[in-house]
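Just so it is clear, the values below take in all heavy atoms, side chains as well, and ignore hydrogens, waters and symmetry mates. Counting starts at 1 for both ligands and their atoms, following the listed order.
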Amino acid sequence: MSHVWIWLEQFQGKIPSIVWETMGVARRLADALGTGVTAVWIGGTIADQAGEAIAMGADVVQVIEHPALADFRFEPYLTVLSHLAKEEAPQVILIGSTARGRELAGGLAAELGTAALVDALEVSVENGRVMAIRPIYEGKLFARTYVERSPAIVTIRGRAFPKPDPDPRRKGEIRRVSPELEPSMFPTEILEWIQEAEGEIRLNEARIVVGGGRGVGGPEGFEPLRELARALGAALGATRAVVDAGWIPYKYQVGQTGKTISPDLYIACGISGAIQHLSGLRGVKVIVAINKDPEAPIFKVARYGVVDDLFKIVPALTAELRRRGLAKG
Ligand code: FAD
């Protein structure tokens, strides 16, 4: 059945927001193609998630349930998903552009003899063909690409599309398949999960990011930025220079060799605005730069700029948010 498929990525049973953003795209494409949306669950026991997927836009929830599949592992997930795709021949497979999603999309494309377009910012159907717009050359250009083979596999950038409103009256079908699993499909074993610090907001899901560069002067220089981030309910980001200096872990790095972010607001503190950093900011709606040097290249891309010492401006911003009762934490 040539439906539009979407992979219901989950971690410990929880489905991240990017999946629902992808569902909105899937619904739109399915309507344009005159077909339905199948949401594919691979994991341990499914409960409320099936109803949630239907309310968000799925017509069919295809459940591949097995205790051994509770945690994502590339090899078994790829095997069960590609096996099902060969049987059901979906027209399109949409996947959230997470690290796992991109890995799975590449594997699926190889297994199914088709192409994967990663990090799409726009997807539509033109004359019956799937078209995706995606950044190339570190985001300096945008390529409009048509997929000639079927299925068209596209990963969707987080926060590039709105999350649809759930409609609890929607009806859908739940189908179950029993996967045939063999030990050879599990070449890796998960020993433990290391949780991020409690309450920390993820960079690629954040609406606001406070970024710090070499201007913070040292590891302790991030403290006022953390305070501001807490007050704004924002995530913390960083340049490669400060990651390489060991001031902050790599997971905070934004840019060409770090994360690509798409918040509504990015507050760049003590960041010069090197091209490799800016390439991670293409999806940002508004950039505010705080830098002592009026010639810093960051001011060329910033909507608002403050030429001053960040150690004066950042605490003043936090204090002002608190004074107005707007601070979150
Ligand atoms: P700097 O360029 O040193 O800028 C520090 C800024 O702080 C200056 O503009 C200064 O005026 C300002 N400042 C100093 N003190 C204060 C103060 N008290 N108050 C206010 N402002 C102050 N970089 C990334 O970020 N991400 C990447 O993914 C990345 N990938 C790379 C990949 C390659 C192959 C290469 C070659 C480089 C890469 N880089 C990356 C590094 C990049 O080229 C820059 O070196 C780096 O982004 C600079 O970081 P910065 O802005 O923190 O430091």
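There is a side-chain donor-acceptor pair under 3.5 Å between T98 and E9.
Nearest to atom 21 (N) of ligand 1 among the protein's heavy atoms is K292 N, 3.2 Å. Closest protein heavy atom to atom 7 (O) of ligand 1: G270 O, 3.0 Å.
Checked against I46 for a side-chain contact (heavy atoms from CB on, under 4.5 Å), the options E52, Q10, R176 give a single hit: R176.
Heavy-atom contacts of T257 reach the following atoms of ligand 1: 27 (C), 28 (O), 29 (C), 30 (N), 31 (C), 32 (C) (cutoff under 4.0 Å). Which parts of ligand 1 touch Q256 is read off a 4.0 Å heavy-atom cut-off, strictly below it: atoms 27 (C), 28 (O). Residue G213 has at least one heavy-atom neighbour below 4.0 Å for each of these atoms of ligand 1: 52 (O). The V254 neighbourhood of ligand 1 comprises atoms 24 (C), 25 (O), 26 (N), 27 (C), 28 (O), with distances under 4.0 Å to a heavy atom of that residue.
Other residues, nucleotides and ligands place more than 12 heavy atoms under 6.0 Å from the NZ atom of K86. Heavy-atom neighbours of E180 CD from other residues, nucleotides or ligands within 6.0 Å: at or below the threshold of 12.
Closest of all the heavy-atom pairs between D119 and P135 is O-CD, 3.4 Å. Shortest non-hydrogen contact noted between C269 and V314 is SG-CG2, 3.9 Å.
There is a path of hydrophobic side-chain contacts, each under 4.5 Å, that joins V288 to L225.
The heavy atom nearest to atom 43 (O) of ligand 1, out of those in K259, R214, Q276, R240, is found in Q276. Remark: among candidates N291, D293, L281, the nearest residue to atom 10 (C) of ligand 1 is N291, based on non-hydrogen atoms.
Contacts classified as ring pair (Phe, Tyr, Trp, His ring centres under 6.0 Å) and involving residues 33-75 (residues at least two apart or in different chains) are given here: W7-F72, F72-Y77.
At least one heavy atom of D309 sits less than 4.0 Å from an atom of ligand 1. By the 4.0 Å heavy-atom criterion, D308 is counted among the residues contacting ligand 1. Contact annotation: G258 has at least one heavy atom less than 4.0 Å from an atom of ligand 1.
Counting only heavy atoms, the protein gets under 4.0 Å from atom 2 (O) of ligand 1.
Legend: residues meeting side chain to side chain contact (heavy atoms under 4.5 Å, CB included) with D167, ordered by chain and number and at least two apart, are R169, R170.
Counting heavy atoms closer than 4.0 Å to ligand 1, residue S272 contributes atoms from both its backbone and its side chain.
Distances between N or O atoms of A274 and those of ligand 1 include no value under 3.5 Å. Where the criterion is an N or O separation shorter than 3.5 Å, residue side chain and backbone included, L310 meets it with respect to ligand 1.
Proximity of a side-chain donor or acceptor of R27 to a complementary backbone N or O of G57 within less than 3.5 Å is detected.
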